[in-house]
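Working notes, structure below.
These figures come from a predicted structure and were not determined experimentally. Index from 1, following the sequence.
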Amino acid sequence: MSKRLIPYITMDGNAKEAIEFYEKALDAQQLFVQTFGEMPENPDFPIPEEVKGRIGHATLKVGETELMFSDTFPGSPFSSGNQVSICITTDSVEQAQKMFDALQQGGQVGMPLQETHFSPAYGNVTDKFGITFQIFTEARP
């Protein structure tokens, strides 16, 4: 079982610009970039045309560390200066559930831990101290 903590930066429509900036400023390398428009379609939640170019998820490698990004979905709450969360990455669904359950005690669930198109168990929770954690389980090959 593995576990890593990764800073996750949420932007309000300017993630592409931020990624380019950090690539130059931090000599970072793009590992993955996917726009909302490139994500699998969900008929229950259609993606408006004006959102399709926004970053749904991106990962940069900075030295030995990763830095993750996404843009908000229009209408989602956003507050400049308060857009960094911590992504806990694990390869165990059981470990993800254990951490998620512990972090939600006295906190608030933003997205229940669930299977998504990109993870067998993903969710986010703000703990009782106001720190937002994303729990991301890597798919096993």
Do other residues, nucleotides or ligands put more than 12 heavy atoms under 6.0 Å from the [atom1] atom of [X]?
X     : atom1 : answer
Lys52 : NZ    : yes
Gln30 : CD    : yes
Phe32 : CZ    : yes

With rounding to the nearest 0.5 angstrom, report the [atom1] to [atom2] distance, [X] to [Y].
X      : Y      : atom1 : atom2 : answer
Ile135 : Met111 : CD1   : CE    : 12.0 Å
Glu138 : Thr89  : CD    : OG1   : 6.0 Å
Lys61  : Leu31  : NZ    : CG    : 6.5 Å
Phe100 : Gln95  : CZ    : CD    : 14.0 Å
Ser70  : Gln134 : OG    : CD    : 6.5 Å
Lys16  : Thr35  : NZ    : OG1   : 6.5 Å

Under a single-linkage definition using a 4.5 Å side-chain heavy-atom cutoff for Ile, Leu, Val, Met, Phe, Trp and Tyr, are [X] and [Y] assigned to the same hydrophobic cluster?
X     : Y      : result
Ile86 : Phe136 : no
Leu60 : Ile9   : yes
Met68 : Leu5   : no

Applying side chain to side chain contact (heavy atoms under 4.5 Å, CB included) to Ile47 and Met39, what does each step give before you reach the verdict?
CA-CA 9 Å; Ile47 305 282; Met39 292 181 168; 5.9 Å; no
[X] versus [Y], closest heavy-atom pair with distance:
X      : Y      : answer
Gly106 : Lys128 : O-CB, 3.3 Å
Thr10  : Phe78  : O-CE1, 3.3 Å
Pro120 : Val93  : CB-CG2, 4.1 Å
Met11  : Ala18  : CE-CB, 3.9 Å

Go through the structure and list residues passing ring pair (Phe, Tyr, Trp, His ring centres under 6.0 Å) with Phe73, not counting sequence neighbours.
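Phe73 satisfies ring pair (Phe, Tyr, Trp, His ring centres under 6.0 Å) with Phe36 once adjacent residues are dropped.
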Any chance you could lay out the side chain to side chain contact (heavy atoms under 4.5 Å, CB included) test for Val62 and Tyr22, step after step, and finish with the verdict?
CA-CA 9 Å; Val62 183; Tyr22 291 121; over 6 Å; no
Whether the side chain of [X] engages the backbone of [Y] through a donor-acceptor N/O pair (distance < 3.5 Å, no angle test) should be reported.
X      : Y     : result
Thr137 : Asp91 : no
Asp71  : Asn14 : yes
Glu50  : Pro48 : no

What's the verdict on side chain to side chain contact (heavy atoms under 4.5 Å, CB included) for Tyr8 and His57, showing C-alpha distance, side-chain angles and the deciding distance?
CA-CA 10 Å; Tyr8 199 107; His57 180 72; 3.1 Å; yes
Would you please indicate yes or no on a ring centroid separation below 6.0 angstrom for Tyr122 and His117?
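No: the rings miss the under 6.0 Å criterion.
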Could you check Arg54 against Asp12 for side chain to side chain contact (heavy atoms under 4.5 Å, CB included), going step by step and ending with a plain yes or no?
CA-CA 9 Å; Arg54 284 184 174 221; Asp12 193 24; 3.8 Å; yes
Side chains of Ile88 and Leu103: does their closest heavy-atom pair fall under 4.5 Å?
yes
Name all pairs fulfilling the salt bridge (Lys or Arg N to Asp or Glu O under 4.0 Å) condition that reach into residues 38-47, sequence neighbours left out, sorted by first residue then second.
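Qualifying pairs: none.
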